[in-house]
Amino acid sequence: MKFGFFDDANREYVITTPETPFPWINYLGNEDFFSLVSNTAGGYSFYKDAKFRRLTRYRYNNVPMDNGGRYFYINDGGTVWSPGWKPVKTPLDKYECRHGMSYTRITGEKNGLEAETLFFVPLKSWCEVQKVKLTNHTNEKKQFKLFSFMEWCLWNAEDDQNNLQRNLNTGEVEIADSTIYHKTEYKERRNHYAFYHVNAPVQGYDTDRESFVGLYNEFSGPKAVLEGRPTNSHAHGWSPIASHYLEIELAPGESKELVFLLGYIENKEEEKWEAKNIINKKPAKAVIDQFDTPAKVNKAFEELRAYWDDLLGNFVLDSGDEKLDRMVNIWNQYQCMVTFNMSRSASFFEVGIGRGMGFRDSNQDLIGFVHQIPERARERIIDIASTQFQDGGAYHQYQPLTKRGNDAIGGNFNDDPLWLILSTTEYIKETGDFSILDEKVPFDNDMSVAKSHFEHLKLSFYHVVNNLGPHGLPLIGRADWNDCLNLNCFSKDPNESFQTTENKSGGTAESLMIAGLFVVYGREYIKLCRQIGIEKEADEAQKHVDNMVEAIKKHGWDGNWYLRAYDFFGNKVGSNENEEGKIFIESQGWCSMAEVGKEEGMVEKALDSVKERLDCEYGIVLNNPAFTKYVVEYGEISTYPAGYKENAGIFCHNNPWIMIGETSLGRGERALEYYKKICPAYLEDISDLHRTEPYVYAQMIAGKDAFKPGEAKNSWLTGTAAWNYYAITRHILGIQPDYDGLRIDPCIPGEWSGFSVKRKFRGTTFNIKIVNKAAVSKGVKKIVVDGQEIEGNIVKVLDGGDHQVIVEMG
Ligand code: GLC
Ligand code: GLC
């Protein structure tokens with residue numbers, strides 16, 4: 001069942017009923033100021049950090065689920081309704097929500113009055129614009145009352161919910177003309193305030209929640225709205241809000257536009273005040289001045305559109321399959337940019353006060369947006385590398401505001417360092433910018449011990465070499481990519497964290513996932529060394545990679561698939577000998593991508609085992625059989641109910657590893673089949689089961705052992721976005737940036753007759769046409785660039801302009 005449709009021409013998903021199977025959200029903002037907005041206008045805004053600068057209040061896991069947001073209420077002759085349906089939930093005559101690229105447009109109509117609100121954050125601004133257009137579609141004059149509403153958060157989102165004994169006393173506001181200023185704690189240590197403005201005279205306002213809502217009312221029926229009159233309250237402590245009250249009259253057929261503006265301001269210490277206890281409002285007025293007419297707002301909106309045209313213009317696919325095109329061209333790239341902005345901080349599943357930036361997550365996310373914003377990707381790589389330790393290990397997480405490693409979680413996740421090689425080499429291949437390797441980068445943010453970025457990569461490589469276990473395989477540490485396979489943690493205390501508890505010493509648990517990862521990125525490291533002419537280091541590194549390949553073949557093969565690990569006691573994990581968890585996806589993915597034992601048929605066997613044991617209708621599950629009992633030597637993985645999360649859920653992030661493995665065998669048909677199973681646009685028809693947004697990936701879909709297979713959770717902030725983008729564009733469509741140019745090596749279903757891609761690459765636009773008359777899955781017979789046949793399958797970088805590339809498969 002569907003709840004809307006894709007409007008590809010406008011790059012929008014159009015939701016046609018407010019009662020979606022879960023709140024379907026969107027993100028506004030591209031740099032500093034961000035908002036989450038659901039299809040019924042729920043959500044909140046923050047400046048840079050969802051924990052420390054939360055501007056508006058939001059209560060997670062609420063009843064109903066999504067309650068609280070930027071709401072408008074209309075009282076039209078006693079009929080009270082909200083244009084986004086919620087919170088009032090009066091049945092509307094018309095409802096529509098269009099989620100687009102960094103904007104959302106929600107329209108509601110009741111009794112001939114239409115209210116359309118466009119929400120977006122203008123580029124380079126610290127504010128959210130809400131342009132409200134009211135239209136009278138009747139033949140009579142309409143007189144009605146409009147109330148705006150939002151609730152301020154007292155800045156620190158965590159403290160805001162906890163420290164009530166203090167917080168219920170501190171709230172402060174100022175009201176001047178049509179602007180409500182929120183200035184809690186501005187007096188002492190803070191130099192920032194927020195404001196909510198409307199570009200028209202108001203006939204009243206409210207700034208105290210209880211006065212507006214009423215102590216015994218709910219958002220669905222605030223007292224002031226029901227009574228049709230504001231109380232002009234001035235908040236002192238308790239819960240400050242911002243609500244404007246406007247009396248509006250519309251002639252038959254008439255429209256009026258209003259611009260509401262939520263802004264954030266930081267003042268210089270010496271410019272904090274305009275009079276005693278009166279905040280300096282000059283900077284706020286300057287922002288208001290930028291967006292106080294519909295014309296100015298429209299111009300800012302056009303700039304935002306142009307920004308996205310540009311970002312999405314770097315890779316444009318024409319495959320003949322509209323679902324595939326809309327994912328590759330629009331939504332998957334969009335989601336990758338959102339993961340760049342948010343990492344894992346704020347979504348409807350991540351509460352914005354928990355995790356900082358993950359070392360491994362951020363490196364992997366990068367492969368999804370490096371072609372869109374290479375300069376910012378470069379900066380991100382350096383930030384991440386700055387949290388590395390001198391032995392090549394790394395903090396598992398760091399905080400975006402301070403950019404410092406997070407002591408509470410620490411390090412010892414032994415896959416972490418290798419992902420830095422992935423992000424850096426992908427960055428160089430995209431841009432040709434080798435200078436990043438010479439950049440001086442600190443360790444643990446200490447500049448006095450800084451070394452070149454290349455040295456950081458070298459240390460990452462040797463961190464594995466220096467931490468091998470008894471089988472010559474990498475020690476796992478606290479966990480590898482799978483945070484829940486905690487082989488050095490033996491926990492019987494429910495108050496302990498699985499991921500930071502290492503309570504048995506001398507652990508020698510080894511990971512086949514890291515082993516495969518090491519072979520893949522070890523080879524990338526070697527290739528990079530050869531590019532920059534350090535052959536000796538390349539030869540040296542090659543020996544370590546060769547040793548690892550041998551160790552995997554010798555100790556990592558279970559007969560029909562790759563083992564997953566050796567546990568603390570040296571017992572096999574992910575073996576046919578095990579009762580549960582006989583086979584795991586991660587090592588099949590990485591050892592296949594590394595092509596370990598390909599000639600001997602190991603890759604083919606492993607991937608066939610994946611098909612047989614892990615694949616199901618909705619995607620590939622993580623392990624099988626699922627764990628049904630707690631295994632103390634495995635940790636968190638065995639705590640999840642069967643079929644969910646890391647215990648045999650379809651953890652979408654790792655499905656593309658199998659797709660890429662399949663392409664190395666040339667099985668394009670199967671690779672694409674896996675792609676479609678988890679790709680949201682193909683799941684639109686089963687939205688009632690899938691539940692999360694049909695335009696973005698979710699981290700997890702319940703697996704075949706779950707109570708409800710096919711039901712997704714945790715949409716938006718997941719490495720799934722980057723990896724699926726990578727799998728489809730680099731390995732299935734086969735357009736791969738490389739040091740010397742664009743390598744073209746598609747792996748597609750044999751029945752595809754071809755496709756076209758427009759790819760902007762280092763300043764040149766390549767119009768690539770792939771022709772598959774031979775009906776093969778893989779193999780490039782001939783490439784012609786601007787009428788000239790070239791040798792091999794790498795199209796060299798040309799200096800600018802548009803170029804035609806015809807690729808004949810065969
Ligand atoms: C979460 C984490 C990621 C981890 C994955 C598997 O997505 O953010 O770092 O690799 O779970 O456990
Ligand atoms: C839990 C989740 C895992 C996530 C981790 C982050 O273990 O299952 O997916 O990566 O928390 O700390």
Side-chain angles (χ1 to χ4, degrees), residues 335 338-340 342-347 349-351 353-368 384 394-398 406 408-420 422-423 476-487 489 491 494 496-501 511 513-514 516-517 564-565 581 584-587 589-590 620-623 626-627 630 634-657 678 696-703 706 712-724:
Q335 187 177 1
V338 171
T339 64
F340 167 71
M342 298 290 129
S343 190
R344 304 291 173 270
S345 69
S347 71
F349 296 85
E350 299 277 10
V351 298
I353 59 173
R355 300 202 258 167
M357 315 273 294
F359 192 96
R360 76 159 84 91
D361 292 346
S362 299
N363 278 307
Q364 293 173 81
D365 287 348
L366 205 127
I367 63 177
I384 299 170
Y395 276 112
H396 193 49
Q397 292 174 4
Y398 71 97
N406 184 338
I409 178 125
N412 282 337
F413 293 76
N414 284 348
D415 63 313
D416 273 339
L418 289 173
W419 301 108
L420 191 63
L422 163 70
S423 61
I476 198 168
R478 283 186 176 158
D480 60 23
W481 172 86
N482 190 331
D483 274 332
C484 299
L485 193 60
N486 316 116
L487 301 181
C489 154
S491 184
E496 252 165 22
S497 146
F498 281 107
Q499 286 163 45
T500 55
T501 304
S511 160
M513 184 266 163
I514 304 182
L517 190 73
R564 177 62 177 86
F584 283 71
I585 194 170
E586 303 98 324
S587 44
W590 284 101
I620 313 167
V621 301
L622 194 145
N623 56 297
F627 294 102
Y630 178 48
Y634 289 4
E636 188 172 358
I637 188 167
S638 57
T639 65
Y640 282 116
Y644 293 94
K645 291 282 283 183
E646 280 89 341
N647 185 16
I650 297 157
F651 213 98
C652 299
H653 184 143
N654 54 35
N655 278 222
W657 301 342
I678 60 166
V696 290
Y697 285 96
Q699 181 204 54
M700 192 226 39
I701 302 172
K713 291 192 185 102
N714 200 358
S715 53
W716 285 98
L717 305 183
T718 159
T720 307
W723 272 107
N724 275 285

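We count ligands from 1, going down the list as the structure has it; atoms in each ligand are counted the same way. Nothing fancy with the numbering, it's 1 onward along the sequence. The figures that follow rest on heavy atoms only: side chains count, while hydrogens, waters and symmetry mates do not. A quick note: this is a predicted structure, and the numbers were derived from the prediction, not measured.
Rounded to the nearest 0.5 Å, atoms CD (Gln397) and CZ (Phe413) are 8.0 Å apart. Taking CD1 from Ile678 and CG from Asn655, the interatomic distance works out to 4.5 Å, rounded to the nearest 0.5 Å. Here the CG atom belonging to Leu622 is positioned 11.5 Å from the CE atom belonging to Met700, to the nearest 0.5 angstrom.
Listed by number with element, the atoms of ligand 2 under 4.0 angstrom from any heavy atom of Asp483 are 4 (C), 5 (C), 6 (C), 10 (O). Taking a cut-off of under 4.0 Å to the non-hydrogen atoms of Lys645, the atoms of ligand 2 that pass are 2 (C), 3 (C), 8 (O), 9 (O). Distances below 4.0 Å separate heavy atoms of Cys484 from the following atoms of ligand 2: 7 (O), 8 (O). The distance from ligand 1 to the heavy atoms of Arg360 drops below 4.0 Å at these ligand atoms: 3 (C), 4 (C), 9 (O), 10 (O). Annotation for ligand 2: atoms under 4.0 Å from non-hydrogen atoms of Tyr640 are 1 (C), 2 (C), 8 (O). Proximity to Asn482 (heavy-atom distance under 4.0 Å) selects the following atoms of ligand 1: 12 (O). Here is the list of ligand 2 atoms found below 4.0 Å of a heavy atom in Gln499: 1 (C), 5 (C), 7 (O), 11 (O), 12 (O).
Classification of the Phe584-Phe627 ring pair by plane angle, with boundaries at 30° and 60°, yields tilted.
Residue contacts with ligand 1 for Glu646 involve side-chain atoms from C-beta outward but no N, CA, C or O (heavy atoms, distance under 4.0 Å). Neither the backbone nor the side chain of Phe498 comes within contact range of ligand 2; no heavy atom lies under 4.0 Å.
For Gln335 (side chain) and Tyr697 (main-chain N/O), a donor-acceptor pair under 3.5 Å exists by modelled atom type. Remark: the backbone N or O of Tyr398 is not paired with any side-chain donor or acceptor of Asn406 at under 3.5 angstrom.
Taking 4.0 Å as the cut-off between side-chain N and carboxylate O, Asp483 and Lys645 do not count as a salt-bridged pair. A salt bridge links Arg344 to Asp365: one of the charged nitrogens lies within less than 4.0 Å of a carboxylate oxygen.
Between the side chains of His396 and Asp416, a donor-acceptor pair is found at a separation under 3.5 Å.
Assignment of Phe651 to the shell around ligand 2 is supported, since a heavy atom sits closer than 4.0 Å. Within the structure, ligand 1 has Asp361 among the residues with a heavy atom less than 4.0 angstrom away.
Protein heavy atom nearest atom 6 (C) of ligand 2, with residue, atom name and distance: Arg355 NH1, 3.5 Å. In terms of protein heavy-atom proximity, atom 1 (C) of ligand 2 is closest to Glu636 OE2, 3.5 Å. Of all protein heavy atoms, the one lying nearest to atom 10 (O) of ligand 1 is Trp481 O, 2.5 Å. Scanning the protein heavy atoms around atom 7 (O) of ligand 1, the nearest turns out to be Gln699 NE2, 3.1 Å.
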Open item on the list: side chain to side chain contact (heavy atoms under 4.5 Å, CB included), that's the test. Do Ile585 and Trp657 meet it? Break it down for me.
Closed with: CA-CA 9 Å; Ile585 194 170; Trp657 301 342; 5.8 Å; no
